[in-house]
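Structure first, commentary second.
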Amino acid sequence: MSENSHLLPAVTSFLSSPKQLLIDGEWADAADGRTFATVNPATEETLVQVARASADDADRAVAAARKAFEDRSPWSRMTPRERSHLLWRIGDLIDERTEEFAQLESLDNGKSLTSARGDVGVAAELFRYFAGWATKMEGTTIPMSVPGRDFHAYTRREPIGVVAGIVPWNFPLTMAAFKVIPAITAGNTVVLKPAEQTPLTALRLGELLLEAGVPAGVVNVLPGFGDAGAALVDHPGVDKVAFTGSTEVGKKIAAGASKNLKKVSLELGGKAPNIVFADADLDAAIAGAALAGYFNEGQCCVNGSRLYVQRAVFDQVVEGVAAAAKAIRVGDAFDPATTMGPLVSAEQHEKVMGYVRGAVADGATLVAGSGDPAADRGYFFAPTLVTDVTEQMAVQTDEIFGPVITAVPFDTEDEVVAAANNTVYGLAAGVWSRDLGTAHRVGGRLRAGTVWLNTWHADDVTLPRGGYKQSGWGRELGSFGLEDYTELKTVVAELR
């Protein structure tokens with residue numbers, strides 16, 4: 001790194017040596033010695049070399065996780081109350097290191113330091129929220145009787161076993177927390193595979209878990225590429241795969257996991273419709289539409305990238321969103337004036353530019369932004385607003401994962417509901433109307449796992465997340481998030 005005067009000493013120290021794999025409580029090189037560079041997307045400079053996990057490393061990590069899960073291991077002997085205390089302690093340790101985690105996240109992912117601090121806060125709160133659930137996973141007593149015979153029947157929740165958590169690059173620490181926390185709350189062990197673009201906060205989290213007293217092998221961290229993830233999906237020693245990422249990769253994971261019918265939960269792609277009726281509070285709707293589309297550099301699966309506006313106010317809303325887009329300050333994450341950092345990688349940058357250029361070639365109009373880079377160095381891209389699109393254009397149908405909003409006018413409720421639901425995705429949706437009857441009625445007709453009414457990105461760790469259709473299987477967070485990490489056992493005992 002050429003400029004590091006703004007970094008905490010702990011961050012500088014962390015980046016001063018190559019990063020290794022975490023297996024069975026120990027830091028180790030990859031079995032074949034391979035490494036890869038993780039890059040700062042704002043400068044295109046290498047941050048540090050990271051060990052690249054292979055199938056052999058996946059074998060070692062799964063064996064460690066299996067050993068830690070086994071009956072009479074230190075982890076299996078830990079009571080729910082002890083797990084609760086441990087989870088709470090981890091949350092406190094993350095809070096104490098908020099700035100350290102935020103700087104690592106900003107360096108590796110590109111998001112603004114302010115956004116990264118928010119993500120760290122969510123991760124800490126997740127540990128504390130699930131700490132409460134560790135002692136509350138209860139079974140039920142079931143009435144059962146047969147003439148002349150007495151029985152005691154009950155159910156109990158038990159951990160599944162070894163969980164492979166495979167996470168994306170858009171919220172590296174938060175997504176790692178989404179997988180690790182409910183798994184260990186329920187008593188499972190984990191092999192965490194962070195995205196190759198953003199491994200640093202997962203590795204720092206691994207250090208912190210050991211510091212907090214998590215036993216060896218309970219959480220293992222394998223930075224690497226798709227081959228490492230595929231090895232975990234195929235591994236007979238893995239009992240469940242928890243994945244967040246693209247629908248394309250999710251389908252491959254589901255197919256791979258079917259070979260031995262391991263459990264799978266998937267939070268996948270989205271192309272969320274955001275519907276603005278003419279009677280909406282337009283100032284709020286315009287600000288909400290900009291947040292919905294441009295949040296996290298547009299790299300968020302629940303972003304509202306398809307904006308539908310009733311024709312009477314279409315021009316006014318488009319003008320307002322375009323002005324909001326042009327007011328966003330695109331720059332380095334460590335600049336306090338920055339409100340949007342770079343995209344995560346050169347590959348993602350090229351992908352987003354390709355969609356915008358393709359839309360223009362198909363006859364769409366750019367009201368804000370362009371199909372060109374926003375800087376000579378770094379993967380910066382200006383917030384973009386596109387009109388004159390059809391429902392068949394790729395910019396309207398595909399998940400772009402960049403700061404690109406398409407705006408389409410509509411006339412009737414039935415028309416917009418049909419258009420909004422005309423997608424293979426169903427992760428999120430939104431409705432803006434002063435008439436709460438309209439908002440709730442239309443929201444109820446939208447096929448999506450989360451529907452926001454007169455708001456967007458209003459979220460909490462207590463609320464379940466997940467999608468309809470090709471946006472995934474299962475739910476994360478809230479009490480619902482624990483169900484996918486447990487087995488339900490029925491016990492029937494005859495009383496003699």
Side-chain angles (χ1 to χ4, degrees), residues 53 58 61-62 65-66 68-69 87 122-123 126-127 129-130 133 137 157-195 198-199 202 205-206 209 218-224 226 228-270 301-302 427 449 461 464-467 470-487:
V62 171
R66 177 61 58 191
F69 180 73
L87 289 164
V122 170
L126 278 166
F127 274 100
Y129 172 74
F130 277 99
W133 278 110
M137 291 182 292
R157 289 280 178 185
E158 296 185 346
I160 291 173
V162 176
V163 175
I166 303 174
V167 299
W169 44 258
N170 56 335
F171 293 92
L173 179 62
T174 307
M175 291 293 103
F178 274 27
K179 303 299 183 270
V180 169
I181 298 171
I184 65 174
T185 298
N188 300 288
T189 57
V190 181
V191 180
L192 176 66
K193 195 286 192 184
T198 54
L205 178 63
L209 295 178
V218 172
V219 178
N220 307 271
V221 185
L222 293 185
L232 292 172
V233 172
D234 291 340
H235 203 291
V238 170
D239 301 295
K240 172 187 167 65
V241 178
F243 171 75
T244 296
S246 72
T247 294
E248 178 185 6
V249 176
K251 290 177 179 178
K252 293 178 181 178
I253 287 174
S258 69
K259 295 172 185 175
N260 61 356
L261 294 181
K262 58 170 56 73
K263 296 181 182 297
V264 177
S265 57
L266 305 168
E267 188 195 34
L268 305 178
C301 53
V302 295
L427 201 55
V461 298
R465 298 181 50 148
Q470 293 186 34
S471 284
W473 294 346
R475 293 295 182 268
E476 293 187 305
L477 305 188
S479 60
F480 305 92
L482 284 171
E483 294 177 4
D484 279 344
Y485 289 90
T486 60
E487 296 278 18

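- Among the candidates D239, V191, V238, T189, the single residue satisfying the side-chain contact (heavy atoms from CB on, under 4.5 Å) test with R66 is D239.
- A donor-acceptor pair under 3.5 Å is formed between the side chain of N220 and the backbone N or O of V190.
- In this structure, OH in Y129 is found 13.0 Å from CG in L87, a value given to the nearest 0.5 Å.
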Would L268 and F243 satisfy side chain to side chain contact (heavy atoms under 4.5 Å, CB included), going step by step from the backbone distance to the final call?
CA-CA 8 Å; L268 305 178; F243 171 75; 3.6 Å; yes
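- For E248, there are no side-chain hydrogen bond (donor to acceptor under 3.5 Å, both in side chains) partners, not counting sequence neighbours.
- The minimum heavy-atom distance linking P199 with P223 is given by the pair CB-CB, 4.0 Å.
- Separation of atoms CG (L427) and SG (C301) is listed at 5.0 Å; rounding is to 0.5 Å.
- Atom CG of residue L477 and atom CG of residue L126 lie 5.5 Å apart, to the nearest 0.5 angstrom.
- Residues V233 and A257 approach most closely at CG1-N, 3.7 Å, considering heavy atoms.
- Expressed to the nearest 0.5 Å, how far OG of S246 lies from CD of Q470 amounts to 11.5 Å.
- The two residues A58 and A231 make their nearest non-hydrogen contact at CB-CB, 3.9 Å.
- Between G206 and V221, the closest heavy-atom pair is CA-CG2, 4.4 Å.
- For the atom pair CD1 of I166 and CD1 of I253, the computed distance is 4.5 Å after rounding to the nearest 0.5 Å.
- Within the 3.5 Å criterion, the main-chain N or O of V162 finds no donor-acceptor partner in the side chain of N188.
- Smallest separation of non-hydrogen atoms from L232 and A164: CB-CB, 4.0 Å.
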Side-chain donor-acceptor pairs under 3.5 Å in residues 173-180, sequence neighbours left out?
{"unit_1": "T174", "atom_1": "OG1", "unit_2": "D119", "atom_2": "O", "d": "3.4"}
{"unit_1": "K179", "atom_1": "NZ", "unit_2": "T244", "atom_2": "OG1", "d": "2.5"}
{"unit_1": "K179", "atom_1": "NZ", "unit_2": "E476", "atom_2": "OE2", "d": "2.6"}

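- The nearest pair of heavy atoms linking S265 to D484 is CB-OD2, 3.9 Å.
- The residues E483 and R475 are annotated as not salt-bridged, no charged nitrogen and carboxylate oxygen being separated by less than 4.0 angstrom.
- Ion pairing between D234 and K259 holds under the 4.0 Å rule for side-chain N and carboxylate O.
- For K240, the salt bridge (Lys or Arg N to Asp or Glu O under 4.0 Å) test picks out no residue, with sequence neighbours left out.
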**Asked** Should V302 and R465 be marked as a side chain to side chain contact (heavy atoms under 4.5 Å, CB included) after you check the CA-CA gap, both sets of side-chain angles, and the distance that decides it?
**Response** CA-CA 10 Å; V302 295; R465 298 181 50 148; 4.1 Å; yes
Does the pair L482 and F130 meet the rule for a side chain to side chain contact (heavy atoms under 4.5 Å, CB included), with working shown? CA-CA 9 Å; L482 284 171; F130 277 99; 3.8 Å; yes
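- Between the CD1 atom in I181 and the CH2 atom in W133 there is a gap of 15.0 Å [rounded to 0.5 Å].
- Side-chain atoms of T486 never come within 3.5 Å of backbone atoms of P159 as a donor-acceptor pair (strictly under, hydrogens ignored).
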